[in-house]
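So the structure is just underneath, and the comments pick up after that.
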Amino acid sequence: MGEFELIRRHFVRGQGGPGVALGIGDDCALLRTTPGHQLAVSSDMLVEGRHFFPDVDPEALGHKSLAVNLSDLAAMGARPLGFTLALALPGADDAWLRGFASGLHALADAHGCPLVGGDTTRGPLNICITVFGEVVAGQALRRDAARAGDDLWLSGRTGEARLALERLRGTAWALADRSDDTLCRQRLERPTPRLALGTALAGLAHAAIDLSDGLAGDLGHILAASGVGAEIEQAALPVAPALQALPEAHRLECLLHGGDDYELLFTAPTDAREAVARAAQASGTPVQRIGRTTPDARLRLLGPDGRTQALHARGFDHFAPGSAPVS
Ligand code: ADP
Ligand code: MG
């Protein structure tokens with residue numbers, strides 16, 4: 001199977017949705033944007049051994065590759081238009097490609113975000129997706145838009161993906177009790193991009209970010225960009241059943257520094273509480289107020305005993321000494 005046959009067989013599926021004037025096959029795709037909107041663009045790369053295990057289910061990998069990109073659109077409050085796929089493959093494994101493409105296209109169809117182009121080359125397995133979306137001009141949820149005194153909100157809950165990763169790594173504390181194993185694996189391998197919530201929050205919330213590197217670390221990006229601090233209330237953090245039996249230190253590690261959650265963390269003015277609750281309900285996404293932003297630039301955790309402690313915003317850094325890949 002040659003390069004063009006591979007693309008035709010697995011990736012070409014008609015000309016796409018309303019946002020696509022010209023899809024796969026020419027030198028460029030042509031996207032249609034709605035007047036009065038801005039184009040939102042983001043790329044995410046997934047590398048074997050760094051972002052996923054070599055034996056991961058290809059269907060789940062196709063899903064996750066697009067999901068992490070759609071999650072970036074959600075975090076800007078943008079609606080998807082389409083995406084491109086740059087793929088390096090060690091060989092043309094038809095069964096693998098069929099699984100990968102089916103996971104990819106199923107999520108693309110669910111969000112009306114068609115594949116409009118890409119590049120295919122031989123090399124170590126590497127998946128790079130670029131998503132294109134649109135958001136009403138001036139309504140994007142930027143990281144630098146938080147104001148002191150905002151409520152801090154979280155969609156869904158954090159920590160299960162990290163617990164699943166530690167179980168796959170064979171970490172002892174994660175293996176003591178394997179309740180909700182399937183659910184945790186789903187959270188790690190098939191994250192749900194919170195697009196409906198993100199678009200409902202555009203023009204309503206102040207700042208937002210999607211959680212890829214852990215709640216505290218990603219919150220740190222909002223705080224640094226906005227020049228504010230925050231206090232997280234430990235008792236307000238939703239705790240998944242699978243995390244309940246963990247010793248407190250490990251539970252907090254998963255909740256605050258877990259990574260791979262792909263939930264939305266956002267700030268909104270206190271007088272928008274009802275509007276945020278309506279946006280959450282309309283989008284079918286649970287949200288929870290987990291703290292507030294503060295005028296001083298510190299990040300603190302308010303414990304259940306009423307005492308506060310400094311929280312370190314150590315997100316995942318691929319170039320930090322000793323940063324561990326998945327395997
Ligand atoms: P070019 O030589 O102009 O870079 P290519 O020969 O690489 O074009 O690709 C031919 C067409 O197939 C282009 O429209 C390109 O966007 C598309 N394409 C290539 N690889 C992929 C892929 N993995 N997924 C979707 N479309 C692809
Ligand atoms: Mg090319």
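Given the structure is predicted, the values throughout are model-derived calculations rather than measurements. Atoms within a ligand are numbered from 1 in the order they appear, just like the ligands themselves.
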Ligand 1 atoms in contact with [X] (distance to a heavy atom under 4.0 Å):
X    : result
L115 : 24 (N), 25 (C)
G117 : 16 (O), 24 (N), 25 (C), 26 (N), 27 (C)
D27  : 3 (O)
D26  : 13 (C), 14 (O)
F4   : 6 (O)

Can you name the nearest heavy-atom pair linking G159 to D261, along with the distance?
->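 Closest heavy-atom pair between G159 and D261: N-OD1, 2.9 Å.
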Please indicate whether any nitrogen or oxygen in F11 is less than 3.5 Å from any nitrogen or oxygen in ligand 1.
->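 In fact, backbone or side chain, F11 has no N or O that close.
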We want to know whether [X] and [Y] form a side-chain donor-acceptor pair, criterion being a heavy-atom distance below 3.5 angstrom.
X    : Y    : result
D213 : H221 : no
T294 : E231 : no
E263 : S155 : yes

More than 12 non-hydrogen atoms from neighbouring residues, nucleotides or ligands closer than 6.0 Å to CD on Q281, yes or no?
->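 Not buried by this count: 12 neighbours or fewer within 6.0 Å.
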Answer side chain, backbone, both or neither: which part of I7 comes under 4.0 Å from ligand 1, heavy atoms only.
->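 I7 to ligand 1: side-chain contact only, backbone stays beyond 4.0 Å.
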If the plane angle is over 60° it's perpendicular, under 30° parallel, otherwise tilted; pick one for F100 and F11.
->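 Judged by the thresholds at 30° and 60°, the geometry between F100 and F11 is perpendicular.
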